Amino acid sequence: MENCVFCKIMKQEIPSYTLYEDDIVKVFLSIEPIANGHTLIVPKEHYKDITDIPIEVLNHINKVSKNMYNLLKEKLNFDGLKLVQNNGFFQDIPHYHLHLIPHYNSEKKNSLEEVYEILKK
């Protein structure tokens, strides 16, 4: 899709703090994080929402989310993690994506660059 921010990230027209990438998805830090390590798993193909995305891609996203959970837990030592997927009115960007949002009992606020460096070590 032409004006989709995530499609532009996939085409490398917009930079991202990429943590993982394969043929199906790209995983990167949110530029508007709710917490340290707020991560997005985004399919490379443009799918509007849950009604549009093939089950095989959803299954792959779930597998990747489990791996990302382990990375975030190991590197950032969060106390809990929320998975969020919005549709319709709740979507800021109409391109299917899954949020991984860590929660910390004592709030830590680092810059995006600092969090990226911790996760890439």
Side-chain angles (χ1 to χ4, degrees):
M1 185 167 248
E2 219 171 278
N3 292 321
C4 174
V5 171
F6 289 158
C7 288
K8 288 181 180 185
I9 290 171
M10 298 308 149
K11 294 178 195 167
Q12 298 181 342
E13 295 172 7
I14 297 174
S16 66
Y17 291 96
T18 302
L19 301 174
Y20 173 80
E21 184 172 6
D22 61 28
D23 292 342
I24 300 170
V25 298
K26 188 169 194 162
V27 180
F28 51 91
L29 293 174
S30 172
I31 60 166
E32 295 180 0
I34 293 172
N36 284 346
H38 180 171
T39 301
L40 304 173
I41 302 175
V42 183
K44 290 185 172 182
E45 286 268 332
H46 183 90
Y47 303 108
K48 180 182 63 151
D49 59 23
I50 193 78
T51 65
D52 192 31
I53 191 168
I55 193 71
E56 300 80 23
V57 177
L58 279 175
N59 288 340
H60 185 72
I61 289 169
N62 281 333
K63 179 182 172 190
V64 171
S65 73
K66 191 171 183 176
N67 295 337
M68 289 299 106
Y69 175 98
N70 292 332
L71 172 73
L72 294 170
K73 181 66 176 169
E74 176 189 329
K75 301 284 186 166
L76 299 177
N77 196 31
F78 57 74
D79 297 300
L81 184 107
K82 184 173 15 175
L83 299 174
V84 177
Q85 196 280 308
N86 298 309
N87 293 276
F89 172 81
F90 296 105
Q91 276 182 291
D92 290 333
I93 299 171
H95 182 129
Y96 181 96
H97 56 288
L98 180 66
H99 296 259
L100 283 74
I101 306 170
H103 174 78
Y104 304 89
N105 286 331
S106 58
E107 189 55 40
K108 309 166 187 173
K109 204 58 174 167
N110 297 81
S111 73
L112 212 48
E113 291 79 10
E114 289 170 327
V115 172
Y116 183 69
E117 288 304 314
I118 291 167
L119 292 170
K120 292 305 281 186
K121 283 183 188 175

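Below, all heavy atoms of this structure are taken into account, side chains as well, without hydrogens, waters or symmetry copies. From a predicted model like this one, the values you see are computed outputs, not experimental measurements.
Annotation: the span from Asn77 atom CG to Tyr104 atom OH amounts to 8.5 Å, rounded to 0.5 Å. Here CD of Glu114 is found 9.5 Å from CD of Glu117. Values are rounded to the nearest 0.5 Å. Distance CG/Leu100 to CG/Leu81: 5.0 Å, rounded to 0.5 Å. From Ile118, atom CD1 reaches atom CG of Leu71 across 11.5 Å, with rounding to the nearest 0.5 Å. Between atom SG of residue Cys4 and atom NZ of residue Lys48 there is a gap of 13.0 Å, rounded to the nearest 0.5 Å. Taking CD1 from Ile53 and CG from Asn87, the interatomic distance works out to 10.0 Å, rounded to the nearest 0.5 Å.
Pro102 and Phe78 get closest at one heavy-atom pair: CB-CB, 3.8 Å. Of all the heavy atoms in Leu112 and Ile31, the pair that sits closest is CD2-CA, 3.8 Å. Leu72 and Gly37 get closest at one heavy-atom pair: CD2-O, 3.7 Å. Heavy-atom minimum distance, Ile41 versus Met68: CD1-CG, 4.5 Å. Nearest heavy-atom pair, Lys109 versus Ile34, reported as atom, atom and distance to 0.1 Å: NZ-O, 3.9 Å. Lys26 approaches Ser16 most closely through the heavy-atom pair CE-OG, 3.6 Å.
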Original post:
Going through the distances and angles, do Ile61 and Val64 end up as a side chain to side chain contact (heavy atoms under 4.5 Å, CB included)?
Top reply: CA-CA 5 Å; Ile61 289 169; Val64 171; 5.7 Å; no
**OP:** Would you check, one step at a time, whether the test side chain to side chain donor-acceptor pair (under 3.5 Å) holds for Tyr17 with Glu113?
**Re:** CA-CA 8 Å; Tyr17 291 96; Glu113 291 79 10; 2.7 Å; yes
**OP:** Verify side chain to side chain contact (heavy atoms under 4.5 Å, CB included) between Glu56 and Ile24, making sure each step is shown before the conclusion.
**Re:** CA-CA 10 Å; Glu56 300 80 23; Ile24 300 170; over 6 Å; no
**OP:** Could you give me the CA-CA distance, side-chain angles and deciding distance for Leu58 and Tyr96, then say whether side chain to side chain contact (heavy atoms under 4.5 Å, CB included) is met?
**Re:** CA-CA 10 Å; Leu58 279 175; Tyr96 181 96; 3.2 Å; yes
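Inter-residue side-chain proximity for Leu119 and Leu29 is flagged as met; some heavy-atom pair is nearer than 4.5 Å.
Judged purely by atom type and a 3.5 angstrom limit, Tyr47 has no side-chain atom pairing as donor or acceptor with the backbone of His97. Formation of a donor-acceptor pair under 3.5 Å by the Lys75 side chain with backbone atoms of Lys121 is found in this model. A donor-acceptor pair under 3.5 Å links the side-chain atoms of Asn36 to the main chain of Asn110, judged by distance alone.
The same ILVMFWY cluster, assembled from side-chain heavy atoms under 4.5 Å apart, contains both Leu98 and Ile55.
Heavy atoms from other residues, nucleotides or ligands lying under 6.0 Å from CD of Gln85 number more than 12. Heavy atoms of other residues, nucleotides or ligands lying less than 6.0 angstrom from CD of Glu32 number 12 at most.
Hydrophobic side-chain contacts under 4.5 Å tie Phe28 into a cluster, directly or through other members, with Val5, Phe6, Ile9, Met10, Ile14, Leu40, Val42, Ile93.
The aromatic rings of His95 and His46 lie perpendicular to each other, with more than 60° between the two planes, well past the 30° mark.
With sequence neighbours excluded, the residues forming a salt bridge (charged side-chain N to carboxylate O under 4.0 Å, His left out) with Lys44 are Glu21, listed by chain and number.
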